[in-house]
Amino acid sequence: MILPQDAILVNQFTGEVIGTYPKGADLCCKSLEERERSSFYAARDRLGFDPRYRTFDGDVEHGSFTWFRCEAGEPLNLPIGNADLVRLFLLSTYASYKGKLVASNKKPLGIQEYAGIFRVSYGVAAETLSRLEEANMIRRESGVYWINQKVFCRGKLSTRWAGRVGKAEATTVRIYHEQFRWLYDNCERQRAGRLSYVIKLIPYLRRDMNAVCAYPMCPELWDAEPQTVTRAAKLIGVDSSHSRQFKNAIDEMTLILSDGSPAVAQVQMDGMPEDKRYLVVNPHLIYGGTEFDAVDDLIGGGYEKEGGVPDSEENNTGVC
């Protein structure tokens, strides 16, 4: 039943006003528990609820996110250049739960809006979208663009996706919307180049501590081979002539998040040589594990104290 005007809900025994209904509200016969449950899921879905948390208080601490899936320990095999790679990930933060690329008001984006998001001209935006479409990363239907949901997924994972999570060959991470957008908008120079290096580190992220490792699926940290800056550059295919560019791109003082923390930090780790510092990606930006606070502490305390995540905290057995 749709209410024709505003109404109040009164306890028929005491006469106490216990609620109000605005005009146009849809009245249905549900128990209080059912209404609360419906409200919970509706609010959760609107905010892009992070499944790390078992409780829900009306907000999501680390923001909305989109899932990204690739092969673990293998270079990203996406047939696009660095600039297009970063813009593709930027577009993933505008994907709806069904894969449609939309603005915050759920209105489909036009090329003029894409130009504003990319901070480029109309022509460059159109060329970027065309290349991404040719690479099968997005598709256009009736003037609306959709992202490839075999690679990016918003909301609850499908049965097929969920069935691969935790498998030896699969890496599934969350791309946090607000932080990624903030980085894209606030890198002073070489925006696409800098972020493309961070994206290329994703297949090598170890789930428990977000560390860049040559063999991220190995259970023991030593066997996983955490990577220093120099070794990580070689791992993702950066030749020696561009190694300085890579180091500058992920420098802790230049590529920083909105809270001032580095997008990629260099930290010491328990059980590894004390004279080495290893790369860890900030979990507020990209993360695939469940020990969020431990990784956060590892980065936050990495500058003042030695050591890293204790062995007792290295207990994540799969990607969420």
Side-chain angles (χ1 to χ4, degrees), residues 45-48 60 63-70 75-158 161 172-202 245 249 254-258 263 284-286:
D45 291 340
R46 283 198 304 271
L47 293 170
V60 178
S64 300
F65 64 90
T66 297
W67 296 101
F68 170 69
R69 183 178 180 274
C70 62
L76 279 183
N77 190 26
L78 301 180
I80 50 179
N82 287 348
D84 288 344
L85 176 65
V86 175
R87 290 168 187 163
L88 171 64
F89 273 72
L90 184 62
L91 287 183
S92 77
T93 70
Y94 290 89
S96 69
Y97 291 102
K98 294 184 178 180
K100 183 188 296 185
L101 298 178
V102 297
S104 57
N105 60 2
K106 305 304 180 184
K107 180 181 178 181
L109 298 167
I111 294 183
Q112 194 63 54
E113 285 77 22
Y114 287 116
I117 291 171
F118 296 154
R119 293 177 175 254
V120 298
S121 67
Y122 183 97
V124 172
E127 292 173 358
T128 297
L129 294 171
S130 178
R131 289 192 294 267
L132 292 178
E133 191 172 9
E134 290 177 1
N136 197 33
M137 291 295 103
I138 61 175
R139 75 176 192 276
R140 187 180 184 185
E141 292 182 1
S142 302
V144 177
Y145 284 97
W146 301 72
I147 202 158
N148 187 337
Q149 290 193 289
K150 293 182 179 179
V151 182
F152 297 95
C153 178
R154 178 92 185 274
K156 183 178 180 181
L157 294 177
S158 68
W161 267 61
T172 306
V173 299
R174 307 175 187 94
I175 308 299
Y176 286 97
H177 297 176
E178 297 305 319
Q179 295 288 15
F180 195 91
R181 294 178 192 177
W182 194 92
L183 268 184
Y184 186 92
D185 291 339
N186 289 276
C187 289
E188 294 181 359
R189 295 180 301 171
Q190 297 178 333
R191 180 184 302 118
R194 288 177 175 178
L195 279 175
S196 69
Y197 286 129
V198 180
I199 291 171
K200 290 178 180 179
L201 294 175
I202 291 176
Q245 181 181 349
T254 57
L255 195 62
I256 57 175
L257 304 185
S258 58
H284 290 273
L285 177 64
I286 297 169

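Numbers here simply count residues along the sequence, with the first being 1.
Using a 4.5 Å heavy-atom cutoff, the side chains of Phe152 and Thr93 are not in contact. Side-chain contact between Lys200 and Asn82 is present, with heavy atoms from C-beta onward closer than 4.5 Å. Side chains of Pro108 and Lys100 form a contact here, defined as non-hydrogen atoms less than 4.5 Å apart.
Closest approach of Phe180 to Leu90, counting heavy atoms only: CE2-N, 3.6 Å. The two residues Asp84 and Arg131 have their closest heavy-atom pair at OD2-NE, 2.6 Å. Minimum interatomic distance between Ala125 and Val120 (heavy atoms only, all atoms of both residues): N-CG2, 3.8 Å. When every heavy atom of Ala135 is checked against every heavy atom of Ile80, the shortest pair comes out as CB-CG2, 3.7 Å. Trp182 approaches Ile256 most closely through the heavy-atom pair CZ3-O, 3.1 Å. Of all the heavy atoms in Ala249 and Tyr197, the pair that sits closest is CB-CD1, 3.4 Å.
Ring pair Tyr145/Tyr114 is perpendicular by interplanar angle, where above 60° counts as perpendicular and below 30° as parallel.
Between the side chain of Ser130 and the main chain of Glu127, no donor-acceptor pair closer than 3.5 Å is present. Looking only at distances, a side-chain donor or acceptor of Thr128 sits under 3.5 Å from a matching main-chain atom of Val124.
Rounding to the nearest 0.5 Å places CD1 of Ile202 at 11.0 Å from OG1 of Thr172. Atom CZ of Phe118 and atom CD of Glu113 lie 11.5 Å apart (nearest 0.5 Å). Taken to the nearest 0.5 Å, the CG atom of Leu129 stands 6.0 Å off from the CD1 atom of Ile111. With values rounded to the nearest 0.5 angstrom, Ile138 atom CD1 is found 13.0 Å from Trp146 atom CH2. In this structure, CZ in Arg154 is found 13.5 Å from CZ in Arg174, a value given to the nearest 0.5 Å. To the nearest 0.5 Å, the span separating CZ on Phe68 from CD1 on Ile175 amounts to 7.0 Å.
With sequence neighbours left out, Glu178 forms a salt bridge (Lys or Arg N to Asp or Glu O under 4.0 Å) with Arg181.
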Might you work through the side-chain contact (heavy atoms from CB on, under 4.5 Å) test for Val198 and Leu183, ending with a clear yes or no? CA-CA 11 Å; Val198 180; Leu183 268 184; over 6 Å; no

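In summary, of the residues considered (Ile147, Asn148, Val151), a side-chain contact (heavy atoms from CB on, under 4.5 Å) with Ser92 occurs for Ile147 alone.
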